[in-house]
2 protein chains.
Amino acid sequence: MYSKDIAKLAGVSRSTVSRVVNNYSNVEEETRKKVNSIIKKYGYVPHGPARALAGKFSNIIGIFIANIKLGNEKFRVYQNVYISPFEAAIIDYADKLGYNVLALIINNDSDFNKIKKLFDSKILSGGIFLGANNNSREIFDLIKSGYKIAIIDQEKNQNRTVHNYIIVNSDNFGGAYKATRHLIDYGHTEIAHICGDMNKYSGFKRFEGYLKAMSEIKLKNKKDYITYGDFTEEGGFNCANQLLRNKVKNRITAIFSSNDTMAIGAMKALKKMKIRIPEDISIVGYDDIRIASYVSPTLTTVRSSIMEMASVATKNLINSIENKINALEYFIIPAELVIRESTTKK
Amino acid sequence: MYSKDIAKLAGVSRSTVSRVVNNYSNVEEETRKKVNSIIKKYGYVPHGPARALAGKFSNIIGIFIANIKLGNEKFRVYQNVYISPFEAAIIDYADKLGYNVLALIINNDSDFNKIKKLFDSKILSGGIFLGANNNSREIFDLIKSGYKIAIIDQEKNQNRTVHNYIIVNSDNFGGAYKATRHLIDYGHTEIAHICGDMNKYSGFKRFEGYLKAMSEIKLKNKKDYITYGDFTEEGGFNCANQLLRNKVKNRITAIFSSNDTMAIGAMKALKKMKIRIPEDISIVGYDDIRIASYVSPTLTTVRSSIMEMASVATKNLINSIENKINALEYFIIPAELVIRESTTKK
DNA sequence: TTGTAAGCGTTATCAA
DNA sequence: TTGATAACGCTTACAA
């Protein structure tokens, strides 16, 4: 069933059918009704590729998910409890706006070629990057080519030649500040930090939030309190071992970990050393991943609305596609503290 | 950069460029080399919609994920720790075969119209259903229309008019048998079962595996030992309460739950009643979701290779697209027992 | 082995 | 407000 068939049945031309399909105003109301009823009756669906070929943008956006690189372990991304909810929220939100989502997992730089091809071949009319490294040159190249891009978790960049894209971030700084401040309010002063991947915006921004809160109290030997993980459970495990093994061992009473996954790794390390949580050491994570409320003790953490981040990114991306907007748009989504069992007053 | 540009640069016609792009044999080797080098040099990518319009099938397959219906809670699917790994594995595997994946979440029957449109508009050349209900009429309608479909977790159907699709299942029966047999081997005889959604293949097949193992030992009052959950944590919680509240309370020493999520719900219920796991009651789940190794005690469960199920479905779907195969193909992926802390000898 | 030309289903331009 | 027609970029007979 094609537009010419509808045209014949309705006694109009294909152009008129096209006008109705695209909701153009220059169609008589009666004609519109007749055509629409026939379209409905026969379940006519415009041929997507033909529309695209004739100049319409596709109603498909891409979602590009950075895989976690960890040795030879493949498909690590689908163990990433933080990413999946984002993905599903974007799919669902795009669907509401009449768009479909094509998902791609980025394992390495050469995968950017695939993305470029998808854009070049006009299959995608926009895309959202999830978990990509900060200020990636490849992403900027795409933006410079005029493609519509939104990035979740990226620094607002200062590069004056790249300015037409959308950034959505959790209030990493504010959230980390709240987390650390929560420990301080509970009477802790000897608070260690497990950093995330410092190449990602969330990594260093949460670190800055921690520093801000710590600057409000007096603390010596600051450096010993800071360890460098990479957002993975193994990283958190190692950092906790390092923290508790060195000379600060007997002073630390609390840890703020840059994400939940590392916090859970740290908890495993502490349990192995027979250190009690939260009696001996309080722990705060970040992200409120699902597992956070299943570990024991349940994990105090920081949460940003995933729905909100996903919807802001998706909505604005689609808006910029449809209205051909080309401005830098920058959104920060608030973060709230979720207090559970892993923190206690000192 | 279009094929005519490549043609001009290479000093050939567009048809020849097309032949090279599509790897046809009737091209002189030297011509092919020249054209290919220019394609590479200028980063030419064929226009997807134009190819589709000219008769090629698209290299996009769909993945249709059934959402969980639970009251008013939206976007429940992205809390589904079982589905996400499947999705990512399919995306990754399709990518290896040069295909892209368009993801869609099915919330209700009317979403099947969207799926039909995606097929009708030639955007998709095949699709995989995840978590769909057994023998859904809507899915069969799609298959009857000639669209290429693979289904994960569906009964091999007896309907003689629908036979040209792919089914991939975990060995639910064998896995459930192993799980129950494991409890029996540990000396348990009073083994209860928490059923999953009996509208799904996995639900009733796992139940049958349990029955098979139980039939090998003598047991009275069989009916009291069986409760009906729905694969959700709440369901497992309620079933455990029901089991431990009624008259069989003091006899049951073990529970086999049809999935991990319900097993975790059951564990919560037992903890609330101060029943020790595994000392008082042993528990086995199914699926080996990530949380299973984070709860305490860690959960004994049954695992099928997600990678294998995803790759079998994806590979065979794409094969049937490219070779226009139209046969019913039925695959069963083996399941293995993973013994952890939640089961002990009686 | 290669080129010419028609055709895929839609939208956009122009004229009526 | 409508219809005829060209154009979108590719593939594919058919002819050479």
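All chains are named by letter (A, B, ...) in the order of the sequence lines, taking the proteins before the strands, and each is independently numbered beginning at 1. Quick note: numbers below take in every heavy atom, side chains included, and nothing from hydrogens, waters or symmetry partners.
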Original post:
Hey, does the side chain of Tyr24(B) come within less than 4.0 Å of dT2(C)'s phosphate (OP1/OP2), counting only N and O?
Top reply: no
Original post:
Is any side-chain heavy atom of Ile333(A) less than 4.5 Å from a side-chain heavy atom of Val168(A)?
Top reply: yes
**OP:** Examine distances only and state if a side-chain atom of Arg19(A) and a backbone atom of Arg32(A) form a donor-acceptor pair shorter than 3.5 Å.
**Re:** no
Original post:
Atom CD1 of Ile123(A) and atom P of dC10(D): how far apart are they, to the nearest Å?
Top reply: 12 Å
Subject >> Carboxylate-amine/guanidinium contact Lys116(B) Asp141(B), below 4.0 Å >> reply: no
Original post:
Among dG9(C), dT12(D), dC10(D), which is the nearest nucleotide to the side chain of Tyr2(B)?
Top reply: dC10(D)
**OP:** If the plane angle is over 60° it's perpendicular, under 30° parallel, otherwise tilted; pick one for His47(B) and Tyr2(B).
**Re:** tilted
**OP:** Sugar-phosphate means primed atoms, P, OP1 and OP2; the rest is base. With that split, encode nucleotides 1-7 of chain D 5' to 3' as B, S or - using protein heavy atoms under 4.0 Å.
**Re:** SBBBB--
**OP:** Could you tell me whether Lys114(A) and Asp111(A) have a side-chain N and a carboxylate O separated by less than 4.0 Å?
**Re:** yes
**OP:** Considering just the side-chain nitrogens and oxygens of Ser3(A), establish if one lies under 4.0 Å of OP1 or OP2 belonging to dT10(C).
**Re:** yes
Original post:
Measuring from Leu118(A):CG to Asn113(A):CG, what's the distance to the nearest 0.5 Å?
Top reply: 11.0 Å
Original post:
Taking NZ from Lys122(A) and P from dC8(D), how many angstroms apart are they, rounded to a whole number?
Top reply: 14 Å
Original post:
In whole Å, what is the span from the NZ atom of Lys56(A) to the C1' atom of dG9(C)?
Top reply: 14 Å
Original post:
Atom CD1 in Ile90(A), atom NZ in Lys315(A): separation rounded to 0.5 Å?
Top reply: 13.5 Å
Original post:
Leu53(A) has an atom CG; how far is it from atom P of dG9(C), in whole Å?
Top reply: 12 Å
**OP:** Could you walk me through whether Asn100(A) and Ile123(B) pass the side-chain contact (heavy atoms from CB on, under 4.5 Å) test, one step at a time?
**Re:** CA-CA 10 Å; Asn100(A) 295 113; Ile123(B) 286 168; 5.6 Å; no
Subject >> Contacting residues from residues 38-48 of chain B, given that a heavy atom lies under 4.0 angstrom of DNA chain D >> reply: Tyr44(B), Pro46(B), His47(B)
**OP:** Round to a whole Å and report the spacing from CG of Asn23(A) to P of dA12(C).
**Re:** 13 Å
Original post:
What is the distance from CE of Met1(A) to C1' of dT10(C), rounded to the nearest Å?
Top reply: 16 Å
Original post:
Taking the six-membered ring for Trp, are Phe129(A) and Phe112(A) parallel (under 30°), tilted (30 to 60°) or perpendicular (over 60°)?
Top reply: parallel
**OP:** Give me the bend of the helix from dT1(C)-dA16(D) to dA16(C)-dT1(D), using the axes of the five pairs at each end, rounded to 10°.
**Re:** 30°
**OP:** Round to a whole Å and report the spacing from CZ of Arg51(A) to P of dG9(D).
**Re:** 18 Å
**OP:** For atom NZ of Lys144(B), decide whether the heavy atoms of other residues, nucleotides or ligands shown that lie under 6.0 angstrom number more than 12.
**Re:** yes
Original post:
Within this structure, what is the CD1-to-P distance between Ile6(A) and dT11(C), rounded to whole angstrom?
Top reply: 13 Å
Original post:
Are side-chain heavy atoms of Ile106(B) and Glu138(B) found at a separation under 4.5 Å?
Top reply: no
